[in-house]
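Numbers restart at 1 for each chain; the letters A, B, ... are given by sequence-line order, proteins then strands. None of the values given here were measured: they were computed from a predicted structure.
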Number of protein chains: 2
Amino acid sequence: MGRYRVGLETRERILSATRRLLGEVGVEDVTLKAITDQAAVGAGSFYNLFGSKEEVVLEVIREALDAVDPDPAGAGTDPLEDLVEAFVQFVTDSTPIARIYLQLAVGRGLTDPLVGQRLLRSHRRRVERFADALRRARPDLDARDAAAEAEMLLAALTGLGLTALLDPDFDMHAHAMRLLPAGEASVPGT
Amino acid sequence: MGRYRVGLETRERILSATRRLLGEVGVEDVTLKAITDQAAVGAGSFYNLFGSKEEVVLEVIREALDAVDPDPAGAGTDPLEDLVEAFVQFVTDSTPIARIYLQLAVGRGLTDPLVGQRLLRSHRRRVERFADALRRARPDLDARDAAAEAEMLLAALTGLGLTALLDPDFDMHAHAMRLLPAGEASVPGT
DNA sequence: TCCAAACTGGAGTGATCATTCCAGAATGCG
DNA sequence: CGCATTCTGGAATGATCACTCCAGTTTGGA
């Protein structure tokens, strides 16, 4: 199954075209013809490199899912502020991928049980990371309260992200900053 | 265009079937056959009553959009608590319609500029209502702060709603109550 | 009771897609 | 070079849909 150089280049062109189209047209409405036209490639070439349309779409979607949480291995060192900042950057800088992510979360996650469960799992993992960061910042915090507050933080970020994607003028950064405790530098706990 | 009684009944059966299917299968994947099968009706009967598949789908979607904000005329009398409670009820009680609403908001709103703008307008109206309620509860609040806080509140509610729709065990009510100023918690009947 | 209008199911139509097939061109290892 | 392997476009295929057509049935006002 050794590939020639031109083949790998074509592969990249197809992935790139799919990435763009998913953000523009949406996961549901993307056609093979649109992809192959955008990539300037015949259908035959496409199927020489990919097994199906779904395969490319899933590949790009996997990118999108991974991009929300760039460092899933990073055990528990990031301060809360960085976690929030990372999410804001994900939405504002990777707009097309963020669009795909949200489309997937809602369009597919709400109707396809498998996608829904996968999303839920990754959501819970993120809640834990936020809760850990919260307790590191405020050691006086009860574990249960930290979890609830983390859930709320993520919910707010998701909601703000949605608004930001709908409204290009929305200043997500400013709003997200309000979620952080004022004057984070020194908050003495008991 | 006078309709017979049986015709009106069939119409209702079709609308009801569409409502159910949109929540289950999703706006994009619903087929005419699924609708007519679910409603136990032939294609001919369907087109005797509706002009197109889109017409029924839009009818149901309009329901969903109206249901988020049950009293758009209600100038400014509802206390904050009621506004939050109404949203929680929308998600937990009208689950299928809430699903449709979110699917529409994200799936279509993110790709179709017209839908996106309509959603944004209704969002801004709701932010205003929340901000008004906030200033009524805490008159010391700056108008700018009230708006920002209202934006946050709605974002958090949307995010929590999304989680609730993905996770049947999620206690949205409990989480939403944390959004209200402490001490204000109303307990309907636990 | 009469009958025009409304209702009915389902076979048929045409459009849109993803996917397959294939013959010829390009690639790069020996 | 030689040549097996990979790449290429695009016509052909078959599946899936929304929608049309129509012959027969039901409805309900006069």
Fill in: Passing option when A:M172 is tested against A:D167, A:L165, A:T163, A:V88 for side-chain contact (heavy atoms from CB on, under 4.5 Å)
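When A:D167, A:L165, A:T163, A:V88 are each tested with A:M172, the side-chain contact (heavy atoms from CB on, under 4.5 Å) holds only for A:V88.
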Discussion item. Can you see if the side chain of A:T10 gets near the phosphate of D:dT8 - specifically, an N or O under 4.0 Å from OP1 or OP2?
Written reply: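 Answer yes for this pair, as a side-chain N or O of A:T10 is under 4.0 Å from OP1 or OP2.
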Discussion item. Would you say B:S45 places a side-chain N or O within less than 4.0 Å of OP1 or OP2 belonging to C:dG9?
Written reply: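 Yes, such a contact exists.
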Without decimals, in angstroms, what is the distance between [X] [atom1] and [N] [atom2]?
| X | N | atom1 | atom2 | result |
| --- | --- | --- | --- | --- |
| B:N48 | D:dG24 | CG | C1' | 14 Å |
| A:F50 | D:dC7 | CZ | C1' | 14 Å |
| A:L8 | C:dG28 | CG | C1' | 14 Å |
| B:E55 | D:dA18 | CD | P | 15 Å |

Worksheet entry | Modelled atom types, side-chain donor and acceptor of B:H173 and B:E85, under 3.5 Å |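 A donor-acceptor contact under 3.5 Å links the two side chains.
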Fill in: Candidate pair A:L180 and A:M177, rule side chain to side chain contact (heavy atoms under 4.5 Å, CB included), full reasoning
CA-CA 6 Å; A:L180 295 172; A:M177 284 306 106; 4.0 Å; yes
Discussion item. If we ignore hydrogens and angles and just use 3.5 Å, is the side chain of A:S16 paired with the main-chain N or O of A:E12 as donor and acceptor?
Written reply: no
Discussion item. Donor-acceptor pair, distance only, cut-off 3.5 Å: does the side chain of B:S94 make one with the backbone of B:V91?
Written reply: no
Practice prompt. Look at the rings of A:F170 and A:H175 and say which category their plane angle falls in: under 30° parallel, 30 to 60° tilted, over 60° perpendicular.
Written response: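 Correct class here is parallel.
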Item to complete: Classify the nucleic acid contact of A:A40 as base, sugar-phosphate or nothing, counting any heavy atom under 4.0 Å across all strands shown.
Response: sugar-phosphate
Discussion item. How would you summarise protein contacts on nucleotides 15-27 of chain C per nucleotide, using B for base, S for sugar-phosphate only and - for none, with heavy-atom distances below 4.0 Å?
Written reply: --SSBBB-----B
